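The structure appears below as structure tokens.
Bear in mind that the values here come from a model prediction, so they are computed numbers and not experimental data. When reading the values below, keep in mind they use all heavy atoms of this one structure, side chains included, and skip hydrogens, waters and symmetry mates.
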Amino acid sequence: MSKGHHPPNIKLYLGVFAALMVLTVVTVLVSYLHLPKALGIALGLAIALFKASLVAAFFMHLKGERALIYGVLAVTVFFVAVLYILPIVDFELIADVRIPESISASIHHEEHVP
């Protein structure tokens with residue numbers, strides 16, 4: 001075995017695998033709860049983000065990498081967070097917006113005109 005390489009820690013990998021399986025079951029169970037849509041989506045995405053961080057840290061071996069890798073990872077996490085938050089905010093802002101009846105009637109009338 002070359003210098004600097006260690007044999008894989010099978011117990012660690014099995015532990016991470018078990019955690020991923022448990023979190024998958026938790027995700028499915030959360031989907032059966034009658035939570036508000038935004039909260040359900042946020043909770044499901046939070047669990048998925050945690051699972052992705054486990055995969056990146058252990059299976060992609062980012063746990064022991066240099067500072068440059070962490071900088072790139074931080075930028076990636078920032079953009080993921082932005083893309084995670086924007087749809088939830090958008091949904092909350094427009095969820096109860098209704099089309100005025102006059103506009104809705106004119107749209108339906110135009111669809112039926114030959």
Side-chain angles (χ1 to χ4, degrees):
M1 189 155 280
S2 66
K3 196 175 197 181
H5 291 280
H6 301 286
N9 186 346
I10 302 299
K11 286 183 181 179
L12 176 68
Y13 289 141
L14 289 175
V16 172
F17 175 73
L20 291 170
M21 292 300 102
V22 168
L23 289 170
T24 300
V25 170
V26 169
T27 303
V28 171
L29 293 176
V30 165
S31 73
Y32 286 108
L33 297 176
H34 296 291
L35 299 172
K37 283 186 181 183
L39 180 61
I41 291 170
L43 192 55
L45 286 174
I47 294 169
L49 183 64
F50 186 70
K51 286 169 52 178
S53 68
L54 283 176
V55 169
F58 294 102
F59 293 123
M60 297 173 67
H61 307 287
L62 293 180
K63 187 174 175 239
E65 288 296 326
R66 290 184 248 160
L68 177 62
I69 297 293
Y70 284 115
V72 172
L73 184 62
V75 171
T76 304
V77 168
F78 170 75
F79 283 111
V80 166
V82 167
L83 293 174
Y84 170 76
I85 292 169
L86 283 178
I88 294 171
V89 170
D90 182 50
F91 178 79
E92 285 298 317
L93 291 176
I94 67 167
D96 291 329
V97 174
R98 303 282 185 244
I99 297 174
E101 195 62 40
S102 60
I103 294 173
S104 178
S106 68
I107 291 172
H108 291 298
H109 176 70
E110 290 174 5
E111 290 176 355
H112 297 294
V113 174

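Checking Thr24 against Lys51 by side-chain atom types alone, a donor-acceptor pair falls below 3.5 Å.
Of the candidates Thr76, Val75, Val77, Phe79 forms a side chain to side chain contact (heavy atoms under 4.5 Å, CB included) with just one, namely Val75. Partner of Leu14 under the side chain to side chain contact (heavy atoms under 4.5 Å, CB included) criterion, chosen from Val16, Ile10, Leu12: Ile10.
When hydrophobic clusters are built by joining Ile, Leu, Val, Met, Phe, Trp and Tyr residues whose side-chain heavy atoms come closer than 4.5 Å, directly or via intermediates, Leu33 is grouped together with Leu43. Cluster membership check: Val72 does not share its hydrophobic cluster with Val55, using side-chain heavy-atom separations under 4.5 Å among Ile, Leu, Val, Met, Phe, Trp and Tyr. Tracing side-chain contacts under 4.5 Å through hydrophobic residues (I, L, V, M, F, W, Y), one never reaches Val80 starting from Ile47; they form parts of separate clusters. There is a path of hydrophobic side-chain contacts, each under 4.5 Å, that joins Phe50 to Leu35.
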Does Val82 form a side-chain contact (heavy atoms from CB on, under 4.5 Å) with Phe78? I'd like the steps, not just the answer. CA-CA 6 Å; Val82 167; Phe78 170 75; 3.8 Å; yes

When you look at Leu20 and Phe59, which way does the side-chain contact (heavy atoms from CB on, under 4.5 Å) test go after all the steps? CA-CA 12 Å; Leu20 291 170; Phe59 293 123; 3.8 Å; yes

side-chain contact (heavy atoms from CB on, under 4.5 Å), that's the test. Do Leu23 and Leu54 meet it? Break it down for me. CA-CA 11 Å; Leu23 289 170; Leu54 283 176; 4.1 Å; yes

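Rounding to the nearest 0.5 Å gives a distance of 12.5 Å between CD1 of Ile41 and OG of Ser31.
Annotation for Phe17: atom CZ does not count as buried by contact number, only 12 or fewer foreign heavy atoms lying within 6.0 Å.
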